Each structure stands twice: as C-alpha cells, then as structure tokens.
Amino acid sequence: MPPSAGTSLKPVKRMPAPKSLPRMGASDFTRDLDLSQDELLSLLDLTQQLKSQPSRFAKALAGRYISLLFEKPSLRTRLTFELAAKQLGGDAVVSVGPIGDREPLKDVARNLDRWTNAIVARTFSQKTIDELAYWSSVPVINALSDRFHPCQALADVFTLQEKFGDLRGLKLTFIGDGNNVAHSLMLAALRLGMNFAIATPPGYGPDSDIVTQAEALAAVAGTQLLISNDPVEAARGANAVLSDFAPYQVHKELFAHTAPESVFLHCLPAKRGEEVHDDVIESSQSVVFDQAENRLHVQKALLLMLIG
C-alpha cells in the first residue's frame, strides 16, 4: 500500500548532476520540508541566477519533458510550469480532470514515468500527491493540494528576499484561513529566519500537526510564531502581509498597523472588495504581480534541481 504522509519515499536513480547546479537529495517535492535547509537556500540562489541570466539556462532541460496533471482550475500554476519547461529547452504535456478516475492512480503514475521526466500535480487531496510519488519512478512536484502549496511559498519568500534583501528578523503576517497557503508559508518563513504571525477566524486555524512542526522550526531558527484571531495583533509591526479570506479583509486601516516599508502579498486570484480593498492591492506597496512572475523563476529552479 502507499505510504502514510510521514513515510519516506523510495529513492530514484539519477544521472550525475552538473557540478555547477545544486541538486535536491529528496526524489520528490510533495511538501515544503522535502527541501533541506541547504537546498532551500540553494534554490533561492539559483532562482536569482535564472531570473537575471535566463539565456545561460536556455537549453538546461533539452530533451526533458514534464507531465502536468490538473484536477483544479489554474492560470498561474499551469502556465508558469509550461513556460518553465519550455524556457529551459524542454517541454510539457497537460492533462486536465480527475486523476485516477478512469484507471487506478498507480497505473497513471507508471504510464507517465515511462513518457516524461517529472510529474507536476495540482490536486484536491494530498493523498493523491503522495500516491503519485509512491508509484512513480520520476520526481513528483506538488503544485497544490489541500494541505500544502509549496511552490507558492517559494515564490513568496523569493519575492520578499528581492524586496528586503536579508529575510532574517522580518515579520510576515498571514490574515485569513489557516489553509494550504498558510501552512507552506509558515514553514518556509520560519526556516529562513522570519517571524510569522497568522490571524484566522475562530475555527479556521492552521492544522495542529503543522503548527507543531512550525514551533520546532522556530525554536531551531530562533524565530517567533504567533497564532491569533486578531488581525490587528498579527499585523502590528509586520513587514509583509498576505491575505486569503473574505471575512478578514485587508484595508488601509489595517495596513496602518504595519511597518512603514511593509508590502502586501496575495497568491491570486484575489476577491477584490472581499479579501482585500482595491486601494491596497493597487497601491505601491503591493507586490502581487511580482509574486506571480516569480512563480515562473522558482519553478525553473525546482525543475533544474530535480531533473536538470
């Protein structure tokens, strides 16, 4: 049977990696902590190289192909992964619809790993991601599940690194539902030396197991984790605010409690007038389209580290 969420996945045989590129030790990227601390830092460094010198990597994935599986609608994730493969000299094939309905999921995985070099899946369930990884002999990348959104978190922290330089000591506030985005952002931010605060409505807090992991990461990194139901408390002194829930709106009055140089993030699509007011998302402090652009660059780095 496929492993549980906490079980290590089987190793994958690989060709030797070019010495100039970092390489992931894990065979898959199913959740944020599949990246070691050193790999996370290497990925951010590689992302900067890819963004500033795209022509240098234009043929890095020549002859390589990725499968894109989408159970959920997508604009940014689908197009940026397709473009990432193509701009690195490779290509992508896309399948839209439920995974494992017409035939067993284990058969889907073992077909795709005969044709392509990696599987990228955007699914309703983390279990689907884990089963794909179990049955596939090529790397599987979580492009979103109900539990994690690790590619989005990578783009978010890279965007903040571009804006602030050193991330250590910054405060990142998440306002909304304690969902997949919150889980991944919490884990990424704390590991990089950022303090993290989250304000959710009662009953919508983050998963307790992931909070336990985050607390352990914060203890090691010497960072602070705040979980609250009060948006003002969470936003106080923040350098960056990310919103993702209609009842907990981000507006100018709330933003007034943040640090003067603070920025606003949103993974998009944004429900304008519900999650965030236009005067925030359209302001000079908004970096939402920088985030969207950086999905492309971090995913290029991820593909290179897994199959380059």
Side-chain angles (χ1 to χ4, degrees), residues 2 5 8-12 14 17 21-36 39-40 42-44 46-47 50 60-61 64-72 74 76-88 90-96 99-100 105 108-113 115-158 180-181 183-184 187-188 267 294-308:
S8 297
L9 301 172
K10 62 185 186 301
V12 174
R14 306 175 188 278
L21 290 176
R23 195 68 163 187
M24 281 182 63
S27 59
D28 304 292
F29 188 53
T30 63
R31 50 191 27 82
D32 303 83
L33 297 185
D34 281 346
L35 281 174
S36 71
E39 288 166 347
L40 176 57
S42 293
L43 185 139
L44 294 176
L46 180 57
T47 300
L50 283 155
L61 289 188
R64 301 280 183 159
Y65 302 92
I66 62 173
S67 300
L68 300 177
L69 307 181
F70 284 83
E71 291 188 327
K72 304 182 72 172
S74 174
R76 279 152 295 277
T77 301
R78 174 175 171 173
L79 294 187
T80 53
F81 264 112
E82 283 197 67
L83 287 167
K86 293 174 187 292
Q87 291 180 11
L88 292 171
D91 211 336
V93 291
V94 183
S95 176
V96 177
I99 304 169
L105 189 148
V108 173
R110 289 179 293 180
N111 275 272
L112 295 178
D113 73 10
W115 303 330
T116 59
N117 303 102
I119 299 170
V120 177
R122 181 180 176 93
T123 71
F124 287 99
S125 170
Q126 180 67 29
K127 181 182 177 182
T128 302
I129 299 287
D130 292 336
E131 289 193 27
L132 284 169
Y134 179 77
W135 291 109
S136 171
S137 64
V138 300
V140 171
I141 296 173
N142 182 347
L144 178 141
S145 70
D146 59 337
R147 195 163 176 82
F148 302 105
H149 198 354
C151 294
Q152 180 66 55
L154 292 175
D156 294 348
V157 295
F158 178 74
N180 48 6
V181 177
H183 292 159
S184 287
L187 296 172
C267 59
N294 287 334
R295 288 291 301 276
L296 172 65
H297 305 302
V298 298
Q299 288 161 193
K300 282 184 177 181
L302 190 58
L303 289 173
L304 280 179
M305 289 177 69
L306 279 168
I307 64 170

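Note that the structure is a prediction, hence the values are computed from the model and not measured.
Of all heavy-atom pairs between Ser27 and Leu306, the closest is O-CD2, 3.9 Å. Of all the heavy atoms in Val140 and Ile129, the pair that sits closest is CG1-O, 4.1 Å. Between Val157 and Ala188 the shortest heavy-atom distance is CG1-CB, 4.1 Å. Here the shortest heavy-atom pairing between Ser184 and Pro150 reads OG-N, 3.4 Å.
Residues forming a side-chain contact (heavy atoms from CB on, under 4.5 Å) with Ala109 (at least two apart in sequence, or on another chain): Leu132, Trp135, Ser136. Taking Asp146 as the reference, Gln126 meet the side-chain contact (heavy atoms from CB on, under 4.5 Å) condition, with sequence neighbours excluded.
At distances below 3.5 Å, not a single donor-acceptor pair connects side-chain atoms of Asn180 with backbone N or O atoms of His149. No donor-acceptor pair closer than 3.5 Å links the side chain of Asp91 to the backbone N or O of Tyr65. A donor-acceptor distance shorter than 3.5 angstrom exists from the side chain of Glu71 to the backbone of Ile99, with no hydrogens or angles considered.
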Original post:
Where do Ser67 and Thr116 land on the side-chain hydrogen bond (donor to acceptor under 3.5 Å, both in side chains) test, with the steps shown first?
Top reply: CA-CA 6 Å; Ser67 300; Thr116 59; 2.6 Å; yes
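A heavy-atom distance below 4.5 Å is not found between the side chains of Thr128 and Leu69. Leu144 is not listed as a side-chain neighbour of Thr77, based on a closest heavy-atom distance of 4.5 Å or more. For the pair Leu40 and Leu154, the minimum side-chain heavy-atom distance is below 4.5 Å. Within the 4.5 Å cutoff, side-chain heavy atoms of Glu82 are placed close to those of Leu68.
Within the model, atoms CG of Leu83 and NE2 of His297 stand 10.5 Å from one another, a figure rounded to the nearest 0.5 Å. Phe148 contributes atom CZ, which lies 6.5 Å from atom CG of Leu187 (distance to the nearest 0.5 angstrom). For the atom pair OG1 of Thr123 and CZ of Arg147, the computed distance is 12.5 Å after rounding to the nearest 0.5 Å.
Within the structure, salt bridge (Lys or Arg N to Asp or Glu O under 4.0 Å) contacts touching residues 295-307 (residues at least two apart or in different chains) do not occur.
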